[in-house]
Asks: 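Got a structure for you, written out below as structure tokens; questions coming shortly.
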Amino acid sequence: MLEHGLVDSKADLLYKLRRVFEEAFEMYGIAILNCALYREMLNRKLCLVIHRLES
């Protein structure tokens, strides 16, 4: 946005709103991916086992 002259600085309201929406959609995408992976694990009847390493 700065390179194309849409805003004057990072303090511009339009720039901040764009950043908020960008981050929100990124987090939404990660949540959708996690739900899809979990559903796939359930459909395939997979389980996740975590073992503690002994030192």
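The structure displayed is predicted, hence computed values, not measured ones.
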Asks: Under 3.5 Å, which donor-acceptor pairs do the side chains of residues 17-24 form with other protein atoms, sequence neighbours left out?
Replies:
residue, atom, partner, partner atom, Å
Arg18, NH1, Glu22, OE1, 3.2

Asks: Could you tell me the separation between the CG atom of Leu46 and the OH atom of Tyr38, rounded to the nearest 0.5 Å?
Replies: 11.5 Å
Asks: Which pair of non-hydrogen atoms, one from Leu14 and one from Asp12, has the smallest distance, and what is that distance?
Replies: N-OD1, 3.0 Å
Asks: In the single-linkage hydrophobic clustering (I, L, V, M, F, W, Y; side-chain heavy atoms under 4.5 Å), do Met41 and Ile50 co-cluster?
Replies: yes
Asks: Would you list the pairs meeting salt bridge (charged side-chain N to carboxylate O under 4.0 Å, His left out) in which at least one residue belongs to residues 32-44, sequence neighbours left out?
Replies: Glu40-Arg44
